Structure formats: structure tokens, C-alpha cells
2 protein chains.
Amino acid sequence: MATSTVEDYIKQIYLEQIDSIDGFVTMGRVAISLGVVPGTATTMVKSLADSELVNYEPRVGVRLTEAGEELAIQMLRRHRLIELFLVETLGLDWSEIHEEAEKLEHAISDRVLEQMDTLLGHPKVDPHGDPIPSESGNLSNELLMNLGNCILNQPLNIARITDQSSEFLQFVNKSGLMPGVELTVLKRESAADAITLHLSNGMSLVVGTLAGEKILVE
Amino acid sequence: MATSTVEDYIKQIYLEQIDSIDGFVTMGRVAISLGVVPGTATTMVKSLADSELVNYEPRVGVRLTEAGEELAIQMLRRHRLIELFLVETLGLDWSEIHEEAEKLEHAISDRVLEQMDTLLGHPKVDPHGDPIPSESGNLSNELLMNLGNCILNQPLNIARITDQSSEFLQFVNKSGLMPGVELTVLKRESAADAITLHLSNGMSLVVGTLAGEKILVE
DNA sequence: ATATAAAGTTTGATTATTCAAAATACCTGT
DNA sequence: ACAGGTATTTTGAATAATCAAACTTTATAT
Ligand SMILES: [Mn+2]
Ligand SMILES: [Mn+2]
Ligand SMILES: [Mn+2]
Ligand SMILES: [Mn+2]
């Protein structure tokens, strides 16, 4: 059985791999994303390679094997289902559930997971709008527009928040830009680096391009 | 912070201490109750003593300190609240929740625990009838009669099952002797080592004295 | 009072995970 | 082509938890 440390490494490598060019994740990225020193990342990745969960090329990086990807997706399902459960059933704030799910994802049994899934009605997205893989391991991967490149003057729905630092989520909360909210992008001024929005609740606000690109819509 | 191993040792020592004569728990009991070899128990207990959670007397046994008892009761609260939550909210079978709670008790935050407590309406007993310590650490300890020593021909309610092996719980389930059920003890024949019961649902059945003593009533 | 048996402790090793610091390889700009 | 800088790997050590097997104490039973 994979330890919770192994589960975290694999999940994190998967996430990093998604937005990597060549499919390889560097040791530096692994280290940062898991909060360890580079030497630890190297050691651990070599051991993951021994377990056939990744392919490791010294001085190049890691890439998940089939088995690794399967485990990663399973962990993603656990993590996201738990996050939704914490919000829906226990009424926690969606900006503070990540750490909790980070621990629980290793502790609950498949039995409990399925029970949660049923109770929640087989949801497709978590509170941040991230897709929840199906039990069979299917992960929808439609690419969405963001506030920096979507159509102007068209009602859109916020689908997903890609920066999940509690700082950004707090801002999103405060500004009423949570997933599900309807809005219209009024204008974009590249010189001013600004995007002007109009929310369905009547509020208008301006965000910078960098922030806007972290908010996906559909 | 205490590791989950430490939490388990302390909780288990507390449980063993309750039904010990002199208040000391032997290394043998610690070892069996945690499923480790005796040498491991000795080593671990010495380290618990270094952390001031227990007092250890070589060749005599362990006893919890104030701090140890506090931690033990906190873990008991977690364990039992989680068990009830799994049954009430997630609809799991009460005979299969122990192992689950054994892992979750180390993973959930205080925040989530309080949320569960609120959702369940500050319950006083878990699905096995074991008392749930209050947030302040109070554990009710009324002693109950069992089917082997209670009054005859008097309607009573099953309050608690003391043997929580899945084998026994399965039998309890099958026979309809879960906590909350009403019954009357018709007769006890010491020679036959048998106790005859009449359940409120009309069923009658006979159990051995040993089994009967594991079922507490009030 | 001794020999056994039972219980408990020690010792030496192993696995998993991590860090600090030294060593090495690779890349870049001149 | 090479000096310096950056990334990566290696080495050596630490912590937590465990086991097997040897050893020591204490209890028991003749
Ligand atoms: Mn995690
Ligand atoms: Mn999420
Ligand atoms: Mn436990
Ligand atoms: Mn219980």
C-alpha cells in the first residue's frame, strides 16, 4: 500500500505534469510543490521509480507511469470529493477546506468515499470548480476561457478558480467571484492591465489581468 | 504534536487502565492491545514517559499522567463522535465503523469535529452505547447492569455493547440486540449457563452467560 | 531451594522520511 | 572555451516506529 507521503508526491507530480511542456516535472518543482528540500525530492522520486509509479530521468525530471497516473487520479477524486463534502455537509468555508482534505484524502476508505459520492449526488466539480474524476478514473479536461480572453459583453458563469492560495480565495470570496456566479466582462484595457466586470448582483469591479486569468468562465 | 501512533497508545492505555485493578497496565496488555511485540511496547512506553504522557515503572507497568489522560479522553471523543457520524450521516453499518474511526480520529481537525458534534446535536453516546466525552473532557461513567445480573421480568433497554469485535457485533446485529432495543430477561439458569430473553418485537432467544454479560442494560 | 516458565527488557537491524551541506553536472553569457 | 551560477545529486545523519532474537527478572511448582 502506498503511504500518504507517496500519495501526495504522486498527486502533486500529476498536477505539475499537466502544465509542463515536455511532460517531465523537474526536481525543483517537485521539491517546491511538496515543501521539501531538493535532495529529499530526488531521493523520494527514486524510490517512487522503484515502485514503478514514475519514470525518473536523472537531471531531466519525473513522469508518471500508467500506475502512477491511476493513483494520482484516484487521489484527486478523493481530495475533491472530500472538499465538496466538507462544504456541503459540514458547512465549512470553501476557502479553508484544502488543508483538511489534504489529510483526510489518505484516511477515508473507499466505502466512505462512495457513500459521500452518493450523498452528494455524484457531483462533477469541487467547490473551486475543479473537475472530480469519475470512479472509473475519467477526468473531464475541457479547456475554459478566463476573464483575460473570454468574449466581452456576454453573460458568463464563473466555472473555476485556478489559484487556490487562501489569499486569492479570500479575495475571490470578498469580491463575490465564486464558481457559479454570473458576470459580464465589460472591457479590457491592456495598457492599464485592467479588466472591468459587471456582476449579476449589480456590482461592478476592476481586476488586474493576472488575477483575471486565474478565474475561468464558461 | 502527538503522532497518530502516540495517540493510539495513549487511548489504548486509558481503556486498559479502566479495567485494571491497581491502575497499572502491563507491557503485555499494551502490546496485545496495539498489536505489536512486547519489545516494541516497552520501547514506545519509555518514549511516552519521556513526553510526560505516562509514568512507567519497569517490570510493573504504565499509568497515564494528567496530560496523558487528557489526550486519551480527547481521542475517545474523536473516535466516538466519528463513529456516530459515520452511522448517522453516511449510513454505514455500525458493526464496521470502528476501523474507519481508528484512522479518521487522527486526521480531522478540531473545526470539523465541532461541526460534526453540532450536526449530531451534541450526542452523549456512540453507536455501541459508549459515552462520548464532552468537549471539556467530562466522561460519564455510570455503571450499568448486564443481562447476567439485571432484574428479571422487567422491561429494560439495551444501553451498551462491551465486546466490539466484529464477530460479536455481527451476532448482536443478527439477533436484534442493538443499543436502544427493549427487552425482558425471563430467566437465568446457571447450570445451563443460559439466559432467556424476550425482545419487544416478539422474538425470544437464549444466550450464554458470557455473551449476556457483554450486553449492558438500563 | 531450584529448575522452569512467563513476562519484560535490551540489542541490533530495518523501513520510511527528512535535512544540511558537500559534490557534481549543466547552462549561459561573454 | 570557460567562469559563474543554478539545478541536481550524493553523503551522512536524524527521527519515528517496528521486529527478531537474546537476555534478564520475577513468579511458580515441585
Ligand atoms: Mn495529502
Ligand atoms: Mn479543490
Ligand atoms: Mn487510531
Ligand atoms: Mn464505539
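Just so it is clear, the structure is predicted and the values come from calculations on it, not from any experiment. In what follows, chains are A, B, ... by sequence order, proteins preceding strands, each numbered from 1.
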Any pair with a residue in residues 28-38 of chain A that passes salt bridge (charged side-chain N to carboxylate O under 4.0 Å, His left out), sequence neighbours left out, goes on the list, sorted by first then second residue, please. A:Glu16-A:Arg29

So B:Ile215 and B:Ile158, do their side chains get closer than 4.5 Å, heavy atoms only? yes

In whole angstrom, give the distance that lies between atom CG of A:Leu34 and atom P of D:dT8. 14 Å

Starting from the first five and the last five pairs of the helix from C:dA1-D:dT30 to C:dT30-D:dA1, work out the angle between the resulting helix axes, to 10 degrees. 10°

For B:Lys46 and C:dT9, is the shortest distance between a side-chain N/O and OP1 or OP2 below 4.0 Å? no

Check A:Asp117, A:Asp8, A:Asp110 against A:Arg78 for a salt bridge (charged side-chain N to carboxylate O under 4.0 Å, His left out) and give me the one that passes. A:Asp110

Given atom CD of B:Glu57 and atom C1' of C:dG8, what is their separation to the nearest angstrom? 14 Å

Examine D:dT9: is either OP1 or OP2 under 4.0 Å from a nitrogen or oxygen in the side chain of A:Tyr56? Give yes or no. yes

Inter- and intrachain pairs under salt bridge (charged side-chain N to carboxylate O under 4.0 Å, His left out), touching residues 53-69 of chain B, at least two apart: none

Sub-4.5 Å side-chain heavy-atom contact between B:Leu81 and B:Asp126: no

Any pair with a residue in residues 125-148 of chain A that passes ring pair (Phe, Tyr, Trp, His ring centres under 6.0 Å), sequence neighbours left out, goes on the list, sorted by first then second residue, please. A:Trp94-A:His128

Please report, rounded to the nearest Å, how far the C1' atom of C:dT17 is from the CG atom of A:Leu48. 12 Å

Output all residues satisfying side chain to side chain contact (heavy atoms under 4.5 Å, CB included) with A:Asn55, sequence neighbours left out; order by chain, then residue number. A:Thr65

Under the ring pair (Phe, Tyr, Trp, His ring centres under 6.0 Å) definition, can you give me all pairs with a residue in residues 55-79 of chain B, not counting sequence neighbours? B:His79-B:His98

A:Met1 CE - C:dT15 C1' separation (whole Å): 17 Å

Who passes ring-ring contact (aromatic ring centres under 6.0 Å, His included) against B:Phe24, sequence neighbours left out? none

Among residues 21-31 of chain A, which residues get a heavy atom nearer than 4.0 Å to DNA chain D? A:Thr26, A:Met27, A:Gly28

Among residues 98-105 of chain A, which contact DNA chain D at a heavy-atom distance under 4.0 Å? none

What does the B/S/- profile of nucleotides 17-26 of chain D look like, 5' to 3', with a 4.0 Å heavy-atom cutoff to protein? SBBS---BSS

Donor-acceptor contacts, no H, no angles, side chain residues 30-45 of chain B, under 3.5 Å, sequence neighbours left out:
unit_1  : atom_1 : unit_2  : atom_2 : d
B:Thr42 : OG1    : B:Pro38 : O      : 3.3
B:Thr43 : OG1    : B:Gly39 : O      : 2.9

How long is the gap from CD1 on A:Ile73 to OG on A:Ser136, to the nearest 0.5 Å? 10.0 Å

Side chains of A:Leu92 and B:Arg111: does their closest heavy-atom pair fall under 4.5 Å? yes

Exercise answer: donor-acceptor pairs, residues 190-197 of chain A side-chain atoms, under 3.5 Å, sequence neighbours excluded:
unit_1   : atom_1 : unit_2   : atom_2 : d
A:Asp193 : OD1    : A:Thr209 : N      : 3.4
A:Asp193 : OD1    : A:Thr209 : OG1    : 2.6

